[in-house]
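Report on the following structure.
For reference, positions follow the sequence shown, starting with 1. Ligands are counted one by one from 1 in listed order, and the atoms in each one are counted from 1 as well.
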Amino acid sequence: MHILAIETSCDETSVAVVRDGQEILSDKIASQVELHKKYGGIVPEIASRKHVEVINPLIKEALEAAKVDFKQIDAVAVTYGPGLVGSLMVGICAAKAIAWSLDRPLIAVNHLEGHIYANFLVPSSKSQVPQFPFICLIVSGGHTMLVLVKEHGDYQTLGRTRDDAAGEAFDKVARFLKIGYPGGPIIDLLAKRGNPHAIEFKRPMMEKEFGYDFSFSGIKTAVVNYVSKQSGVSSKQVTDLVASFQQAIVDVLVEKTIRAAKEYHCSWVALAGGVSANSLLRESLKTRAKKEQLMVSAPPLALCTDNAAMIAGAAYHKLKQGKISDLTITAVASLRL
Ligand code: KG4
Ligand code: ZN
């Protein structure tokens, strides 16, 4: 079973061919980071134009790399939300055209569901695939949420951010400190040289009354206030600052994930989304989970950020459950899980 998947929800055009929901034959990604860098964030109009430019050559590349031709494609999958409408539409139109011309099923996939399914790809051993039910922490540039995954396609959202997503906080702090874009990977690297306890930022919404909701805009403001009180910050102070900021965010994410696993009697926790590439988050969750005798699944780094292979992974299970879309699907910017 070969699924051709297309992902264009944000600033990455990606096309993948995945066999049987697990084996990645190709996963081509055309990143637009360089294009948006000078604006310090994504410019939606520029993003959709770039998707239009690269989508067709990328489809060709993905098929060639997979050594599969159109005739061998059994189904076509595409992200239909959440994301930028103009960007999503480019992928949706391409996917519809291919599905229609090949007369193959079209499967519309929620981007967040795709992130979860990054955990089911390329398993080097069966034991690395999370077992149901499990808790998934989805942390990306647009979302931060804790989800109880009961079965394939059966989700219960336990909590989400009330303001900034974790990745958004990383990106905004990096922009404020003028250390580069996107902020997450840069802070991850810089923080390795800093003291994570130099500044004890308040860990927000840890009290039980907040359940599994998050809030990260307060820490971001605390960083801004800290810098405003100093007369300039040295590079040593910047590394301590980002290390302390990252530690505060990771502490909250890990604590709530473990808490949820215990409350919902899950023996597995999984990470998903761009921020799950964060080295401190991966290490801390593993260490904490070990103490609690929980198993951890985290996608390989390349599959944490946006890619089309994860969309194919999710689509495979939808197809098995008969969840096929028709050609009337359209982009849903604020699609929920
Ligand atoms: O999942 P993703 O590629 O796109 C969305 O769906 O949003 O996530 C992008 C986010 C960005 O905010 C980026 O700064 C963050 O993931 N990110 C990281 C790391 N790598 C990417 N954040 C923290 N540490 C990282 N190593
Ligand atoms: Zn994403």
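Annotation: salt bridge (Lys or Arg N to Asp or Glu O under 4.0 Å) contacts involving residues 211-225, sequence neighbours excluded, comprise R162-D213, D164-K220.
Evaluated by nearest non-hydrogen atom to atom 15 (C) of ligand 1, the leading choice among N278, L281, V275 is V275. For atom 21 (C) of ligand 1, the candidate residues are G184, G274, A191, A118; the nearest heavy-atom contact is made by G274.
Closest to atom 26 (N) of ligand 1 among all protein heavy atoms lies D188 OD2, 2.9 Å. If you check which protein heavy atom lies closest to atom 3 (O) of ligand 1, you get D306 N, 3.0 Å. Looking from atom 6 (O) of ligand 1 to the surrounding protein, the closest heavy atom is H111 NE2, 3.2 Å. For atom 14 (O) of ligand 1, the closest non-hydrogen atom of the protein is D171 OD1, 2.7 Å. Closest to atom 9 (C) of ligand 1 among all protein heavy atoms lies G141 N, 3.8 Å.
Of all atoms in ligand 1, listed by their number and element, those nearer than 4.0 Å to a heavy atom of G167 are 12 (O). The ligand atoms of ligand 1 that sit less than 4.0 angstrom from a heavy atom of H115 are 1 (O), 6 (O). Near G142, meaning under 4.0 Å from any of its heavy atoms, are these atoms of ligand 1: 7 (O).
When side chains are defined from C-beta on, L106 does not count as touching I324, because their heavy atoms never get closer than 4.5 Å. The closest side-chain heavy-atom distance from M1 to R19 is not below 4.5 Å. Residues L137 and L253 have side chains in contact (heavy-atom distance under 4.5 Å, counting atoms from C-beta outward). Within the 4.5 Å cutoff, no side-chain heavy atoms of Q32 are placed close to those of V54. Taking the side chain as every heavy atom from C-beta outward, I42 and C10 approach each other to under 4.5 Å.
Ligand 1 has P185 within reach: a non-hydrogen atom of the residue lies less than 4.0 Å from it.
Residue contacts with ligand 1 for H143 are absent, since no atom lies close enough (heavy atoms, distance under 4.0 Å).
The aromatic rings of F170 and F245 sit perpendicular, their planes meeting at an angle over 60°, well past the 30° parallel limit. Using a 30° and 60° split on the angle between ring planes, H111 and H115 fall in the perpendicular class, above 60°.
Of all protein N, O or S atoms, those under 2.8 Å from the Zn ion (ligand 2) number 3.
With T13 as reference, H51 is the one residue of E53, K28, H51 to meet the side chain to side chain donor-acceptor pair (under 3.5 Å) rule.
Nearest heavy-atom pair, A260 versus L158, reported as atom, atom and distance to 0.1 Å: CB-CD1, 4.0 Å.
The structure places CG of L121 at 7.5 Å from CG of N307, a figure rounded to the nearest 0.5 Å.
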Step by step, work out the salt bridge (Lys or Arg N to Asp or Glu O under 4.0 Å) result for K172 and E168. CA-CA 6 Å; K172 284 179 177 170; E168 192 179 354; 3.0 Å; yes
